[in-house]
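Structure first, then comments.
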Amino acid sequence: MTTLLIVEDDTSLNKGIALTLAQDGIAIEQAYDLAGAERRFAQGGIDLIVLDVNLPDGSGLDFCEQIRRTSQVPVIFLTANDMESDIVLGFELGGDDYITKPFSLMVLRSRVMAVLRRSRSLYEEKLVIGPLELDFGNMEFRKQGCSLSLSKTEQKLLKALVSNRGRILTRMQLMDQIWDREAEFVDENALTVTVKRLRAKIEDDPSSPVYLKTVYGLGYVWTEGAGDEKKG
């Protein structure tokens with residue numbers, strides 16, 4: 001379930017936004033001032049905030065700046081301030097989109113969905129599986145807090161496997177994903193070497209792997225952590 005927080009002091013507009021965004025798989029939370037928004041956000045579980053800039057007890061810009069100290073939850077500003085400097089400030093403080101009033105509720109809905117899709121995509125780029133911290137977006141990888149230096153080829157192999165954890169990938173499937181159009185020109189032994197090097201970096205005992213396992217006659221599978229990993 002995706003939870004959206006609408007922070008807007010205009011009661012009728014808040015209700016209209018809520019009705020427009022409500023659908024299967026999306027829960028709507030509403031706040032009408034900064035204090036209410038702060039209380040609800042502190043409870044956690046918010047996936048996106050639609051935030052009015054001018055609230056009766058404070059500024060949505062200040063609230064966004066406060067949020068960014070601890071969270072990357074997407075924030076879409078709503079405001080009557082349409083000066084270029086206001087819009088630039090909104091983005092500089094961490095806003096993901098900036099919509100000026102008056103606006104179409106259907107356009108707002110489309111932009112909210114677009115930001116959610118981008119957010120989910122980024123979310124999937126970061127995984128914690130056991131002692132492994134995998135941040136494909138920033139190309140940063142750690143094991144038990146220690147940095148791992150992975151080549152581009154090793155990163156592609158790792159991404160292909162963890163994106164299909166629990167599913168056997170054939171050698172040809174992996175080669176196609178790692179080397180793309182060049183796969184037919186790559187020596188098949190290159191995959192074996194890449195698997196060996198990746199295991200040496202992520203496994204405690206590469207000779208008895210718990211993550212990257214060989215399925216003889218078929219290919220490879222990522223097994224450890226399937227279904228119980230955390231996303232960050």
Side-chain angles (χ1 to χ4, degrees), residues 1-3 41-48 67-75 94 96 115-232:
M1 178 69 73
T2 297
T3 302
F41 181 72
Q43 295 171 14
I46 299 298
D47 298 295
L48 182 144
I67 289 170
R68 284 292 173 263
R69 294 178 191 141
T70 58
S71 172
Q72 292 302 311
V73 63
V75 174
D96 294 87
V115 170
L116 276 176
R117 284 194 298 273
R118 292 198 299 270
S119 174
R120 287 165 180 159
S121 176
L122 178 61
Y123 191 62
E124 289 291 338
E125 293 288 296
K126 298 181 180 180
L127 295 170
V128 177
I129 302 177
L132 300 173
E133 299 173 38
L134 313 176
D135 185 343
F136 293 98
N138 292 312
M139 294 183 290
E140 295 178 354
F141 308 92
R142 297 178 182 278
K143 180 182 178 184
Q144 296 177 330
C146 298
S147 180
L148 297 175
S149 178
L150 303 183
S151 69
K152 293 288 187 182
T153 304
E154 290 163 357
Q155 290 179 34
K156 287 182 179 180
L157 173 61
L158 182 59
K159 182 67 181 291
L161 289 163
V162 299
S163 296
N164 294 277
R165 42 202 178 278
R167 174 187 168 197
I168 299 170
L169 295 179
T170 67
R171 293 179 63 86
M172 187 55 67
Q173 285 175 321
L174 286 170
M175 289 182 70
D176 284 342
Q177 290 192 48
I178 296 168
W179 286 283
D180 197 20
R181 295 186 181 90
E182 300 174 3
E184 61 182 299
F185 305 109
V186 176
D187 186 336
E188 191 172 337
N189 186 55
L191 178 59
T192 302
V193 172
T194 304
V195 168
K196 183 177 180 180
R197 288 176 176 169
L198 182 59
R199 277 182 176 148
K201 295 176 181 180
I202 65 172
E203 301 282 0
D204 288 337
D205 181 3
S207 64
S208 181
V210 296
Y211 299 115
L212 203 176
K213 292 191 176 183
T214 301
V215 182
Y216 291 99
L218 293 176
Y220 300 95
V221 62
W222 184 276
T223 58
E224 185 69 19
D228 61 30
E229 74 283 348
K230 301 176 187 175
K231 296 176 183 177

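The model shown is predicted, which means the values in this text are computed figures rather than measured ones.
Nearest heavy-atom pair, Val162 versus Ile129, reported as atom, atom and distance to 0.1 Å: CG1-CD1, 4.3 Å. In this structure, Gln173 and Thr170 approach most closely via the heavy-atom pair OE1-N, 2.9 Å. Residues Gly145 and Arg142 come closest through the heavy atom pair O-NH1, 3.3 Å. In this structure, Pro209 and Ser207 approach most closely via the heavy-atom pair CD-C, 3.6 Å. Residues Pro74 and Val115 share a closest heavy-atom pair of CB-CG1, 3.5 Å. Taking all atoms of both residues into account, the shortest heavy-atom contact from Ala200 to Pro206 is CA-CG, 3.8 Å.
If you take OG1 on Thr2 and CG on Leu48, they are separated by 9.5 Å, rounding to the nearest 0.5 Å. A distance of 6.5 Å separates CZ in Phe136 from CG in Leu127, rounded to the nearest 0.5 Å. Note that OG1 of Thr153 and CZ of Arg197 are 9.0 Å apart. Values are rounded to the nearest 0.5 Å. Here the straight-line distance linking atom CG of Leu134 with atom CG of Leu148 works out to 8.5 Å at 0.5 Å rounding. Between the CH2 atom of Trp179 and the CG atom of Leu174 there is a distance of 8.5 Å, given to the nearest 0.5 Å. The distance from atom CG of Leu212 to atom CG of Leu161, rounded to the nearest 0.5 Å, is 5.0 Å.
Of the possible polar contacts, none joining the Glu154 side chain to the Thr194 backbone as a donor-acceptor pair under 3.5 Å is found. Under a 3.5 Å cut-off, the side chain of Lys143 and the backbone N or O of Ile202 do form a donor-acceptor pair. Judged purely by atom type and a 3.5 angstrom limit, Ser71 has no side-chain atom pairing as donor or acceptor with the backbone of Ile67. Between the side chain of Lys156 and the backbone N or O of Gln177, no donor-acceptor pair lies under 3.5 Å. Although no hydrogens or angles enter the test, the distance criterion places a donor-acceptor pair under 3.5 Å between the side chain of Glu203 and the main chain of Tyr211.
For the side chain to side chain contact (heavy atoms under 4.5 Å, CB included) test, no residue two or more places apart in sequence or in another chain qualifies with Lys196. Applying the side chain to side chain contact (heavy atoms under 4.5 Å, CB included) test to Arg171 and every residue at least two apart in sequence or in another chain returns Glu188, Leu191, Thr192, Tyr220. In this structure, the salt bridge (Lys or Arg N to Asp or Glu O under 4.0 Å) partners of Asp96, at least two apart in sequence or on a different chain, are Arg68. By the side chain to side chain contact (heavy atoms under 4.5 Å, CB included) test, Asp135 is found to be paired with Lys126, Asn138, Glu140, residues two or more places apart in sequence or in another chain being considered. When the side chain to side chain contact (heavy atoms under 4.5 Å, CB included) test is applied to Gln155, the partners found at least two apart in sequence or on another chain are Met139, Phe141, Leu150. A search for salt bridge (Lys or Arg N to Asp or Glu O under 4.0 Å) contacts involving Glu133 returns nothing, not counting sequence neighbours.
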Working note: Leu158 + Trp222, criterion side chain to side chain contact (heavy atoms under 4.5 Å, CB included); need CA distance, chi angles, decisive distance, verdict. CA-CA 9 Å; Leu158 182 59; Trp222 184 276; 3.5 Å; yes
